[in-house]
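Within every chain, numbering begins at 1; the chains are lettered A, B, ... in the order of the sequence lines, protein sequences first and strands thereafter. Atoms considered below: every heavy atom in the structure, side chains included; atoms not considered: hydrogens, waters and symmetry mates. The structure presented is a predicted model; accordingly, all values stated were derived computationally and were not measured.
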2 protein chains.
Amino acid sequence: MRNSRSDVVSAALRVLDTQGLENCSMRRVATELGVQPSALYHHVRDKQTLLALMADEIVSGIGAGVALDVGTGAGAGAGTGTGAGTGTEAGAAGETGAREAARLLCRDLREAMLAVRDGADVVATASAFRLGASSVETRLGALVGDDGARTLLLYTFGHAQSTQTHRQAAEFGALTGGAGDPAEGAGAAGDLDASFDRGLDIILAGLAAS
Amino acid sequence: MRNSRSDVVSAALRVLDTQGLENCSMRRVATELGVQPSALYHHVRDKQTLLALMADEIVSGIGAGVALDVGTGAGAGAGTGTGAGTGTEAGAAGETGAREAARLLCRDLREAMLAVRDGADVVATASAFRLGASSVETRLGALVGDDGARTLLLYTFGHAQSTQTHRQAAEFGALTGGAGDPAEGAGAAGDLDASFDRGLDIILAGLAAS
DNA sequence: ACCTGAACACCGTTCAAGT
DNA sequence: ACCTGAACACCGTTCAAGT
């Protein structure tokens, strides 16, 4: 047994991270694996399938530190017992906890995508747009409802893609451009993180207002 | 003068709409134009540039019916005069008008992208991710602030992409699949529109709560 | 200015054949 | 089960040369 399916996925992720999505061809993955291109098709139906497996790998392990059931379980701060008094609401403190858990989940997802070159593109195209594909979507749905989950996910994907596009442009500019305005290069990374958080705030405020 | 730059863009949009983005190659655009592939490079630097021009064309004419300056001008319902009494707020009615104008702009943008096959993909990758590219972003920024504009745009792009992906899958299923559950096919289109509006509501509620 | 013809360095995928 | 070798039908882009 020379190579397994997960060997192929690992090699593909290595190529992705070093060469970028546009150079992540089946032929280069094969070369990375020391094998003929046709050999890949023994492990994977086609390139699209390989990209989906890569996306799964990128988001695997997301939200490990985030409580699973804030509203209903015994996990977070203002847990289970608040039910009877508050009527139709599931408990105000519990709802706040759910939104905070959703916030952490989105931050975690974003971080995982940004950790590998063009990761946001791969994840967004491979898993965002077939409904209910990811466990993250399910967990978000349980926390803030399906509409909220969808809104948060699309925002998170979009902002991560935008972040990676800007970072690549900045890298390119640093290589080709002049001496480089130091303030511009330094401020950019944190600015993008802050920008992401502000958008997250807007959506979470909207969910609170429902 | 055989062909102009905008002839190339038009031909490319025809190919896009009939064959889809994955088949919209320089060579097919050339064929559509009755010309050799190399001739295109007299009008357009490279494929990426052509895609950007196509994106501009797709979103051109958006928001024609939406008032330009709700908060500051004389356009919409509760115009200019409310300022003095309400202090730091620019007038509650004016803010509501701005958010409603933003809602119309986003709906308009979505509609324009959905009007051509894979239009959302083209617009999102070509113009969403270099900041301040579109006039739509500028207009949204004037209405609800930069963070709100970015959040609304990313959501609108993402949802439109998702919508087109699902529609294509449904089409494909209708061709290859069985007799076709009539309720499934009929309900899908309106469901996606309603889903978009609900997400929009969440974000606009969040902006109102700021 | 606009286009042709030919070439270069790539793609994804299939398929018989090997071990 | 896993892989090779060869082929098929494509790509984007460049460049000399034509009119």
Closest approach of [X] and [Y], non-hydrogen atoms and distance?
X: B/Leu16; Y: B/Ile58; answer: CD2-CD1, 4.4 Å
X: A/Leu152; Y: A/Ala102; answer: CD1-CB, 4.1 Å
X: A/Val136; Y: A/Leu109; answer: CG1-CD2, 4.4 Å

Send over the distance from [X] [atom1] to [N] [atom2], rounded to a whole Å.
X: B/Asp7; N: C/dC3; atom1: CG; atom2: P; answer: 9 Å
X: B/Asn3; N: D/dT19; atom1: CG; atom2: P; answer: 19 Å
X: B/Glu22; N: D/dG12; atom1: CD; atom2: P; answer: 12 Å
X: B/His42; N: D/dT14; atom1: NE2; atom2: P; answer: 14 Å
X: B/Asp46; N: D/dG12; atom1: CG; atom2: P; answer: 11 Å
X: A/Gln48; N: C/dG12; atom1: CD; atom2: P; answer: 13 Å

Does the side chain of A/Ser10 pick up a donor-acceptor pair with the side chain of A/Asp7 at under 3.5 Å?
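Checked: A/Ser10/A/Asp7 side chains show no N/O donor-acceptor pair below 3.5 Å.
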Looking just at side-chain N and O atoms, do B/Asp46 and B/Thr49 make a donor-acceptor pair shorter than 3.5 Å?
yes
Say whether, by atom type as modelled, one donor and one acceptor occur between the side chain of A/Thr163 and the main chain of A/His159 under 3.5 angstrom.
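A pair under 3.5 Å: yes.
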For D/dA1, take OP1 and OP2 only and decide whether either is under 4.0 Å from a side-chain N or O of A/His43.
no
Tell me, do B/Met26 and B/Leu50 make a side-chain contact under 4.5 Å, heavy atoms counted?
yes
Check B/Arg110 with B/Asp193, please: is the shortest side-chain N to carboxylate O separation under 4.0 Å?
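Salt bridge between B/Asp193 and B/Arg110, a charged N being under 4.0 Å from a carboxylate O: yes.
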So with a 6.0 Å cut-off around CD of B/Gln168, is the heavy-atom count from everything else above 12?
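Yes.
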For D/dA9 versus C/dC10, give the span between their P atoms, rounded off to a whole number of Å.
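D/dA9 and C/dC10 have their P atoms separated by 22 Å.
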Both distances under 3.5 Å, Watson-Crick or G-U wobble: on that basis, could you give the dot-bracket string for DNA chain C, with [ ] for crossing pairs and | for other-strand partners?
||.|||||...|||||.||
What are the atom names and distances for every N/O pair under 3.5 Å that joins the protein to nucleotides 4-11 of chain C?
from: C/dT4; atom 1: OP2; to: B/Gln36; atom 2: N; distance (Å): 2.7
from: C/dG5; atom 1: O6; to: B/Ser38; atom 2: OG; distance (Å): 2.7
from: C/dC11; atom 1: OP1; to: A/Ser25; atom 2: OG; distance (Å): 3.1
from: C/dC11; atom 1: OP1; to: A/Arg28; atom 2: NE; distance (Å): 3.1

